[in-house]
**Student:** 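So that we are looking at the same thing, I have put the structure below in structure tokens.
Not measured: the values here are computed from a predicted model. Below, chain A is the first sequence line, B the second, and so on; all start at residue 1.
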There are 2 protein chains.
Amino acid sequence: MDAQATRDGILNAAELLFGDHGFPGASLRQITDKAGVNLAAVNYHFRSKEDLYRQVLFRRLRPVNAERLTLLTQAAQLAGDQPVPLRAVLDTFIRPLLRRADDPASGGIPFLRLLSRDLLDPPPFLSEELVREFEPLMTRYTHAFSQALPGLPPLELFWRMQFALGAQLYVAARQQDFARRSRSLGPTDSGEGCIRHLVDFCAAGLGSPPLTAA
Amino acid sequence: MDAQATRDGILNAAELLFGDHGFPGASLRQITDKAGVNLAAVNYHFRSKEDLYRQVLFRRLRPVNAERLTLLTQAAQLAGDQPVPLRAVLDTFIRPLLRRADDPASGGIPFLRLLSRDLLDPPPFLSEELVREFEPLMTRYTHAFSQALPGLPPLELFWRMQFALGAQLYVAARQQDFARRSRSLGPTDSGEGCIRHLVDFCAAGLGSPPLTAA
DNA sequence: GTCTATATGGGGATAGAC
DNA sequence: GTCTATCCCCATATAGAC
């Protein structure tokens with residue numbers, strides 16, 4: 001019974017190759033060759049290339065979003081009846097994703113590239129599923145941010161959340177380059193350093209005074 | 001002599017299809033069908049699919065970056081011997097790109113999607129050319145920002161510029177969704193509104209006090 | 001469950017007539 | 001400069017033996 005091993009081998013190889021070349025750019029032949037399994041195994045264990053891609057993505061994404069909600073809930077308990085501080089909210093949103101850069105067992109850099117691309121510009125066959133996956137998250141975070149930022153109009157909050165998400169996705173996708181450059185730029189510490197600078201940047205951006213009257 | 005018309009027709013069709021499906025996802029057959037020209041015309045006017053893609057991208061990108069440098073130079077002249085104010089620097093960087101969303105003649109939304117994807121995660125056959133294209137720009141803007149933000153350590157400036165770039169690319173890639181949602185979210189004005197909110201957000205993020213001592 | 005072999009279609013690129 | 005026809009390779013998916 002190494003059916004599970006075959007499945008996992010395919011998922012791991014697909015993660016690397018989809019991460020490097022994207023969905024249309026990686027072929028099932030490359031994937032099965034890298035996994036050391038037969039070509040036909042993909043269509044047996046997964047139904048199609050698209051379904052394989054879905055599994056590759058959601059296997060990693062679901063734990064990230066679950067961790068975000070867990071941390072946010074913990075932060076809310078810690079805050080009692082006060083709003084969760086802005087920086088704390090941001091940290092629960094950013095850290096669960098970016099810490100994957102240094103954790104190959106949770107997908108590592110290939111997963112970050114893959115997810116960033118899909119959120120920047122979702123492939124049609126994924127966009128509805130992504131909306132469903134993120135809807136509860138976005139509801140909870142919109143609420144948490146508006147509590148932490150009383151007086152910010154919803155439309156401004158909407159834009160600022162988009163900007164914060166975009167900044168996060170960009171550095172997530174580029175962790176590999178940053179890790180390379182960090183050796184020349186000085187002690188960059190592209191993992192924890194990036195997270196702390198990003199939380200700081202987003203806190204300043206989200207917390208700045210509203211442009212429009214409340 | 002409608003060789004030029006054929007070339008342009010191919011470029012325009014390729015821009016739309018590469019924008020929708022990416023480089024590996026769009027085929028030369030789809031492109032020549034949409035352009036109403038023969039399949040062989042691509043290899044005659046361009047040398048290969050990769051060269052076609054390069055032309056599609058740089059035809060739009062070069063004017064954007066030229067406009068950025070022109071505006072920054074004008075702002076510097078206006079400021080005299082003072083540093084250009086932070087918001088003004090950001091505006092010259094952000095506006096030339098994002099205003100393309102409402103300007104189909106300069107590439108419109110398909111170009112924004114295409115460029116955002118390529119900067120988030122450059123295809124290997126483009127990455128060197130992209131570095132060359134952006135190098136003078138990044139040098140000038142790094143200088144302008146460090147003048148506008150005395151006392152900010154270079155490493156922090158580096159991160160904050162990356163975050164600002166990421167936020168810009170994300171909203172550039174998603175202009176289409178925002179335009180759709182703006183009808184339900186109220187008077188979003190996804191063009192000028194987005195630019196002003198983004199400049200504001202980045203100004204707050206870049207201008208916040210340094211984490212580390214200078 | 002895993003393999004070989006193959007069906008079927010599409011891909012990029014090109015030769016050579018017009 | 002443009003077209004037709006074609007080369008050759010690779011893609012996804014499946015049928016059927018083991």
**Student:** In whole angstroms, how far is the C1' atom of D:dT6 from the CG atom of B:L28?
**Tutor:**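 From B:L28 CG to D:dT6 C1': 16 Å.
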**Student:** Does the side chain of B:T6 get closer than 4.0 angstrom to OP1 or OP2 of D:dT2 through an N or O atom?
**Tutor:**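 So the side-chain polar atoms of B:T6 do come within 4.0 Å of the phosphate oxygens OP1 or OP2 of D:dT2, strictly under.
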**Student:** Of all the nucleotides listed (C:dA13, D:dT2, D:dA13), which has the minimum atom distance to the side chain of B:L39?
**Tutor:**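 Closest nucleotide among those given: C:dA13.
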**Student:** Phosphate oxygens OP1/OP2 of C:dT4: is one of them under 4.0 Å from a side-chain N or O of A:N38?
**Tutor:**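 Affirmative; the distance criterion is met.
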**Student:** Does D:dA13 have its OP1 or OP2 closer than 4.0 Å to a side-chain nitrogen or oxygen of A:N43?
**Tutor:**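 Result: yes.
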**Student:** Within the supplied structure, the quantity of interest is the number of heavy atoms (other residues, nucleotides, ligands) at a distance under 6.0 Å from A:R140 CZ; does it exceed 12?
**Tutor:**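 Above 12, so yes.
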**Student:** Regarding C:dG10, can its base be found pairing with the side chain of B:R29 as donor and acceptor, where the two atoms are less than 3.5 Å apart?
**Tutor:**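 Answer is no: no donor-acceptor pair is held.
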**Student:** If you find the nucleotide of DNA chain C closest to B:F23 and the one closest to A:V37, which residue's nucleotide is nearer the 5' end?
**Tutor:**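 It is A:V37 whose nearest nucleotide is closer to the 5' end.
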**Student:** What heavy-atom pair brings B:I109 and B:A101 nearest, and what distance separates the two atoms?
**Tutor:**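 It is CG1-O, 4.0 Å.
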**Student:** Measure NZ/B:K49 against P/C:dG11 and give the value in whole Å, please.
**Tutor:**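 It is 9 Å, rounded to the nearest whole Å.
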**Student:** Closest heavy-atom contact between A:R100 and A:L112?
**Tutor:**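 Where A:R100 meets A:L112 most closely, the heavy atoms are CB-CD2, 4.1 Å.
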**Student:** Does either side chain, that of A:T92 or that of A:Y141, offer a donor lying less than 3.5 Å from an acceptor on the other one?
**Tutor:**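 Yes, because at least one side-chain N or O of A:T92 sits under 3.5 Å from a partner of the opposite role on A:Y141.
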